[in-house]
Amino acid sequence: MAVIDVALAGRPYRVVIEEGVLARLPEAAAPFLRGYGGRRGVPFVADTNTHRNFAAGIDSALAEAGFVAEWFVVEPGEDAKTWGVLERLTDWLLGLGVTRRDHVFALGGGVVGDLVGFACAILKRGVGFVQLPTTLLAQVDSSVGGKTAINTRAGKNLIGAFHQPSLVLIDPLVLASLPAREMRAGFAEVLKYGLLGDAGFFAWLESHGNKVLAREPHALEHAIATSIAMKARIVAEDERETEDRRALLNLGHTFGHALEAETGFSDRLLHGEAVALGMVLAAGYSARRGEISSADAERAARAIAAAGLPSELSALGLGCDGAALVDHMRHDKKAEGTTLPFLLLRALGRAYVARDVDLADIAAFLDGELSA
Ligand code: GLY
């Protein structure tokens, strides 16, 4: 078991990583269930998969403690992060009589967490919520830090708010039913923490990554706890990404978002897979600038390939050129006029924000990678 505090001034909260914590939810989340009971059901939001896999267990744990869960269930996937679903969800919460003292429970991956977090940010100008992340990606990244959003026709996560959860309960046991491909995609974000800020952790992942992917309990808990400890520290230092600190968490994301956009944000390339390849490109581009050695860039790519993640841009068969990928980057919400901050490496385990990157040079670099 590990407990990590996100030390935000005036709004600290706890992340609990513990096998079986979902089964003892009434005790683990006791302060956030006050006010429910009697005829007042506890609002839970899930997708059809997490509802099918975990709702019965939660229902019975709550029943034993004298609570009843009310469920709002969405379809799995990004289509749940729309104005339409947001409207139905907020109407449902208002219909339940949720007050500003209440908490809503989000049981799912990043989509459910982002949707519920944003609904709670705007409902009555701010209602509390508890994250119960069920994918590795949500457990090590999106459930912590308070970035909440929905998508619009213009792009992903363009409508949102910073709204921190009141508690995050991470149960590694829920990963038993996670498809191997999604496990690998979440592992990309774990590797990200090593590459951006902890060379020792990166080396540990090189030798123990297979155990994490096999869901070996000790390795998995160590990987999740180390990732969250770093994220908690960074979020506490720079909650709103204004100090070039939280931006470090975007390592691999600028290249990655361009690849996701080019592949239509589809199952062809999952977010974590795009981030993995994005990190290979960030390392390769850092080597091109002479900031890390080619050997280190190759070492990063090898660790990513060893996890079964995409590590070669040419293998994607994109059929576009580097300029087309750069064009997607120009629409990134981090774009600043005609330029874009890039997360690059000074060493494995030491990322930094580069603001002097020439997009024409990025396009030329990508042309080389596309045809390698
Ligand atoms: N996923 C990046 C962040 O939370 O800032």
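Whatever order the structure lists them in is the order used to number ligands and atoms, beginning at 1.
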Does ligand 1 have any N/O atom under 3.5 Å from a protein N/O, and what are those pairs and their distances?
{"from": "ligand 1", "atom 1": "1 (N)", "to": "Asp141", "atom 2": "OD1", "distance (Å)": "3.0"}
{"from": "ligand 1", "atom 1": "1 (N)", "to": "Asp141", "atom 2": "OD2", "distance (Å)": "3.1"}
{"from": "ligand 1", "atom 1": "4 (O)", "to": "Lys231", "atom 2": "NZ", "distance (Å)": "2.6"}
{"from": "ligand 1", "atom 1": "4 (O)", "to": "Arg246", "atom 2": "NH2", "distance (Å)": "2.8"}
{"from": "ligand 1", "atom 1": "5 (O)", "to": "Lys147", "atom 2": "NZ", "distance (Å)": "2.9"}
{"from": "ligand 1", "atom 1": "5 (O)", "to": "Arg246", "atom 2": "NE", "distance (Å)": "2.7"}
{"from": "ligand 1", "atom 1": "5 (O)", "to": "Arg246", "atom 2": "NH2", "distance (Å)": "3.3"}

Under a side-chain separation threshold of 4.5 Å, the hydrophobic residues clustered together with Val116 are Val45, Phe72, Val74, Trp83, Val85, Leu86, Leu89, Trp92, Leu93, Leu94, Leu96, Val98, Val104, Val112, Leu115, Phe118, Ile122, Leu123, Val127, Phe129, Ile150, Ile159
Decide whether Lys81 and Asn157 meet the rule of one side-chain donor and one side-chain acceptor closer than 3.5 Å. yes
How about Trp71 and Asp59: does a side-chain donor come under 3.5 Å of a side-chain acceptor? yes
Results of side chain to side chain contact (heavy atoms under 4.5 Å, CB included) for Asn49 - residues two or more places apart only: Asp47, Arg52, Pro76
Between Asp361 and Tyr285, do the side chains contain an N or O donor and an N or O acceptor separated by less than 3.5 Å? yes
Go through the structure and list residues passing ring-ring contact (aromatic ring centres under 6.0 Å, His included) with Phe265, not counting sequence neighbours. none
